[in-house]
Amino acid sequence: MIDAVAGFNTGYFEGPVFGGYGRDRLADLHTPTLLVNGGPDDVAYHNSIDNYALLDVPAALVGDTAAGHTGLIAGLEATKGWQVAADWFDYVLRGDRTAGARFVGPGCGLCTENGWTAESKGLSL
């Protein structure tokens, strides 16, 4: 059973490409979902935004505006990226309100960090 999902620098295209799946597969998600992008220079930036808009599950969309496509998982910002993932899973799987406060609410932690963007839907502390 899958209880939470996190996707970094990714997103389904409108239709199936590269032998994969299209955005219609987003309807198969049934758990809270985090989508993370590396800002406008991330090739997956627009896909992550478009996919977030289509999600019908509790979700968060966050981005480091300067990280680029792999910066949050293997680049200079990787420590920050992995901390975002850890906070997401602590929040969703363990009910950690401190970790959740990074994603939820108008004063969410990531909302106030320099260079980050964040929004959420269907989530509460």
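No experiment lies behind these values; they were computed from the predicted model shown.
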Exercise. Could you state whether Trp82 and Val5 fall into the same hydrophobic cluster, counting links through intermediate Ile, Leu, Val, Met, Phe, Trp or Tyr residues with side-chain heavy atoms under 4.5 angstrom apart?
Key: no
Self-check item: Closest approach of Ala4 to Leu93 (non-hydrogen atoms, all atoms of both residues)
Solution: CB-CD2, 4.0 Å
Quiz item: Under 4.5 Å between side-chain heavy atoms, hopping through other hydrophobics if needed: is there a path connecting Leu125 to Leu34?
Solution: yes
Practice problem: Looking only at non-hydrogen atoms, find the nearest pair between Asp96 and Thr98 and report the distance. | Solution: OD1-N, 2.9 Å
Quiz item: Can you check whether Gly109's main-chain N or O pairs, donor with acceptor, with Thr112's side chain at less than 3.5 Å?
Solution: yes
Quiz item: Does Arg102 pair with Glu113 as a salt bridge, N-O distance under 4.0 Å?
Solution: yes
Quiz item: With side chains defined as the heavy atoms from C-beta onward, is the minimum distance between Asn9 and Val36 less than 4.5 Å?
Solution: no
Exercise. Flag the pair Asp50 and Arg23 as a salt bridge only when some basic side-chain nitrogen lies within less than 4.0 angstrom of an acidic carboxylate oxygen.
Key: yes
Practice problem: Rounded to the nearest 0.5 Å, what's the gap from CG on Leu26 to OG1 on Thr33? Could you check? | Solution: 8.5 Å
Practice problem: Kindly give the heavy-atom pair with the smallest separation between Gly122 and Pro58, and that separation in Å. | Solution: O-CB, 3.4 Å
Quiz item: Are the side chains of Val62 and Thr117 in touch, meaning some heavy atoms are under 4.5 Å apart?
Solution: no
Quiz item: Does Val84 share a hydrophobic cluster with Leu55, counting links as ILVMFWY side-chain heavy atoms below 4.5 Å and allowing steps through other members?
Solution: no
Quiz prompt | Pairing residues for Arg97 by the salt bridge (Lys or Arg N to Asp or Glu O under 4.0 Å) criterion, not counting sequence neighbours | solution = none
Self-check item: Asp28: salt bridge (Lys or Arg N to Asp or Glu O under 4.0 Å) partners, not counting sequence neighbours
Solution: Arg25
Quiz item: Any side-chain heavy atom of Leu35 sitting closer than 4.5 Å to one from Asn51?
Solution: yes
Quiz item: Does anything in residues 97-125 pair up under ring-ring contact (aromatic ring centres under 6.0 Å, His included), and if so which pairs, sequence neighbours excluded?
Solution: Trp88-Phe103
Exercise. Mind running side chain to side chain contact (heavy atoms under 4.5 Å, CB included) on Val104 and Tyr91 for me, showing each step along the way?
Key: CA-CA 10 Å; Val104 178; Tyr91 166 51; 3.4 Å; yes
Quiz prompt | Within one Ile-Leu-Val-Met-Phe-Trp-Tyr cluster: Tyr21 and Leu54, side-chain cutoff 4.5 Å | solution = yes
Quiz prompt | ILVMFWY cluster, Ile2 and Phe89 together (side-chain gap under 4.5 Å) | solution = no
Practice problem: Would you give the length of the straight line joining atom CG of Asp87 to atom CG of Leu110, rounded to the nearest 0.5 angstrom? | Solution: 7.5 Å
Self-check item: Heavy-atom closest contact (Ser120 atom, Gly105 atom, distance)
Solution: OG-N, 4.5 Å
Self-check item: Over all atoms of both residues, closest heavy-atom pair of Thr65 and Pro40
Solution: O-CD, 3.7 Å
Quiz item: Looking at side-chain heavy atoms only, is the closest gap between Tyr52 and Lys121 below 4.5 Å?
Solution: yes
Quiz item: Got a second to check how far Asn37's CG is from Leu61's CG, nearest 0.5 Å?
Solution: 5.5 Å
Quiz item: Distance from Asp42 atom CG to His69 atom NE2, nearest 0.5 Å?
Solution: 5.5 Å
Quiz prompt | Heavy-atom pair with the smallest gap, counting every atom of Gly38 and Leu72 | solution = CA-CD1, 4.4 Å
